[in-house]
Amino acid sequence: MSSGVAARCDAKKLVRSPSGLRMVPEHRAFGSPFGLEEPQWVPDKECPRCMQCDAKFDFITRKHHCRRCGKCFCDRCCSQKVPLRRMCFVDPVRQCAECALVSHREAEFYDKQLKVLLSGATFLVTSGDSEKPETMVCRLSNNQRCLILDGDSHREIEIAHVCTVQILTEGFTPGVGSTRATGMFLQYTVPGAEAATQLRLMAGEDANGSKRQAAAWLAAMHKATKLLYESRDQ
């Protein structure tokens, strides 16, 4: 991809919606696959009462719409202002208590796991029925739309075309019982191809810290996959 095309893909613009200011891609086709569309607000005329506590709206008890779900609440049930990065809001926005909890959990992905995915990690990559793995660095592209694999060869896999992701694990920590991520199996479609392409990524056996980095990358990918499938269900 040329620098000019990449710049156009990453270009952003500031827009104002009823919910607040958003910094969105210039072209909708270049939006993050992890993003969510703004919900349609429940019309005021259909909300005589708070949809959480059933308080009746009047001159004193005002109604507010949650920016994440679009439902109508009183101030007590919708008083929190929380960052909502999946909808590209510039500032924290008003959300109901249930949605605020979800947005707080997602904030960890953007503050921690996303940085790990962008940094990348080294894996032994096996394609299809091939028996010979290739050492490749796998990372998420800056616009979050592709997995980029670099080694002796180069691959770019569009996140939107990934159809299966399975994190491979082994063992457990004594007294804790948690498993350790060791690899990933994924399938993705290629336009024009009849069958999905399969890749297997495994962390290498070395002592220079790259295996720990690979495990962290896989854990972050697991979180990203959950957000991706949630986005597709919206």
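Just so we're clear, the structure is a prediction, and the values are computed from it rather than from any experiment.
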J.: Among the clusters formed by ILVMFWY side chains lying less than 4.5 Å apart, do Leu118 and Met23 turn up in the same one?
T.: no
J.: Rounded to the nearest 0.5 Å, how far apart are CD of Glu98 and OG of Ser103?
T.: 11.0 Å
J.: Under 30°, 30 to 60°, or over 60°: which ring-plane class applies to Trp217 and Phe123, parallel, tilted or perpendicular?
T.: perpendicular
J.: Using 0.5 Å steps for rounding, measure from the CG atom of Leu114 to the OG atom of Ser119.
T.: 9.5 Å
J.: Return the CD to CD distance between Gln187 and Gln166, rounded to the nearest 0.5 Å.
T.: 9.5 Å
J.: Report the C-alpha distance between Ile148 and His154 in whole Å, list the side-chain angles of each, state the deciding distance to 0.1 Å, and finish with yes or no for side-chain contact (heavy atoms from CB on, under 4.5 Å).
T.: CA-CA 8 Å; Ile148 300 175; His154 175 83; 3.6 Å; yes
J.: So which atom in Met87 and which in Arg67 form the shortest heavy-atom distance, rounded to 0.1 Å?
T.: SD-O, 3.7 Å
J.: Using the side-chain hydrogen bond (donor to acceptor under 3.5 Å, both in side chains) rule, pick out the option among Gln198, Arg200, Arg155 that qualifies with Ser127.
T.: Arg155
J.: Taking it one step at a time, do Gln52 and Cys74 satisfy side-chain contact (heavy atoms from CB on, under 4.5 Å)?
T.: CA-CA 8 Å; Gln52 177 65 40; Cys74 66; over 6 Å; no
J.: Please report the shortest heavy-atom distance between His65 and Asp44, naming the atom on each side.
T.: CE1-OD1, 2.9 Å
J.: With side-chain contact (heavy atoms from CB on, under 4.5 Å) as the test, pick out the partner of Cys96 among Ser79, Cys66, Cys72.
T.: Cys66
J.: Kindly indicate whether the side chain of Ile159, heavy atoms from C-beta on, has any atom under 4.5 Å from the side chain of Gln144.
T.: no
J.: What pairs of residues pass the salt bridge (Lys or Arg N to Asp or Glu O under 4.0 Å) test when at least one of them lies in residues 72-83, not counting sequence neighbours?
T.: Asp75-Arg94
J.: Tell me if a side-chain donor or acceptor on Glu170 pairs with a main-chain N or O of Thr182 at a distance below 3.5 Å.
T.: no
J.: Check the surroundings of atom NZ in Lys63: do more than 12 heavy atoms from other residues, nucleotides or ligands lie under 6.0 Å from it?
T.: yes
J.: Is the closest side-chain heavy-atom distance between Val125 and Cys138 below 4.5 Å?
T.: no
J.: For Asp152, I'd like to know if atom CG has over 12 heavy atoms of other residues, nucleotides or ligands within 6.0 Å.
T.: no
J.: What residues, two or more places apart in sequence or in another chain, satisfy salt bridge (Lys or Arg N to Asp or Glu O under 4.0 Å) together with Arg22?
T.: Glu38
J.: If I compare all heavy atoms of Thr61 with all of Asp58, which pair ends up nearest, and what's the gap?
T.: N-OD1, 2.6 Å
J.: Tell me, do Val165 and Met184 make a side-chain contact under 4.5 Å, heavy atoms counted?
T.: yes
J.: At their closest point, which heavy atom of Val42 faces which heavy atom of Lys71, and how far apart are they?
T.: CG2-CA, 4.0 Å
J.: For residues Leu218 and Ile167, report the shortest heavy-atom separation together with the two atoms involved.
T.: O-CD1, 3.8 Å
J.: Under the criterion side-chain contact (heavy atoms from CB on, under 4.5 Å), I'd like the reasoning laid out for Leu149 against Leu199: C-alpha separation, chi angles, the key distance, then a yes or no.
T.: CA-CA 11 Å; Leu149 290 84; Leu199 284 183; 4.3 Å; yes
J.: In Å and rounded to the nearest 0.5 Å, what is the NE2 to OG1 distance from His222 to Thr169?
T.: 10.0 Å
J.: When rounded to the nearest 0.5 angstrom, what distance separates CE in Met136 from OG1 in Thr126?
T.: 11.0 Å
J.: Grab the two heavy atoms, one from Ser17 and one from Phe89, that are nearest each other, plus how far apart they are.
T.: OG-CE2, 4.2 Å
J.: Can you list the steps and then say if Leu186 with Thr164 is a side-chain contact (heavy atoms from CB on, under 4.5 Å)?
T.: CA-CA 5 Å; Leu186 67 83; Thr164 301; over 6 Å; no
J.: Tell me which pairs pass salt bridge (Lys or Arg N to Asp or Glu O under 4.0 Å) where either residue lies in residues 105-122, with sequence neighbours left out.
T.: Arg68-Glu106, Arg85-Asp111, Arg86-Glu106
J.: Look at the side-chain heavy atoms of Ile, Leu, Val, Met, Phe, Trp and Tyr, link any pair under 4.5 Å apart, and say whether Val15 and Val90 land in one connected group.
T.: no
J.: CD/Gln95 to CZ/Phe73 distance, rounded to the nearest 0.5 angstrom?
T.: 10.5 Å
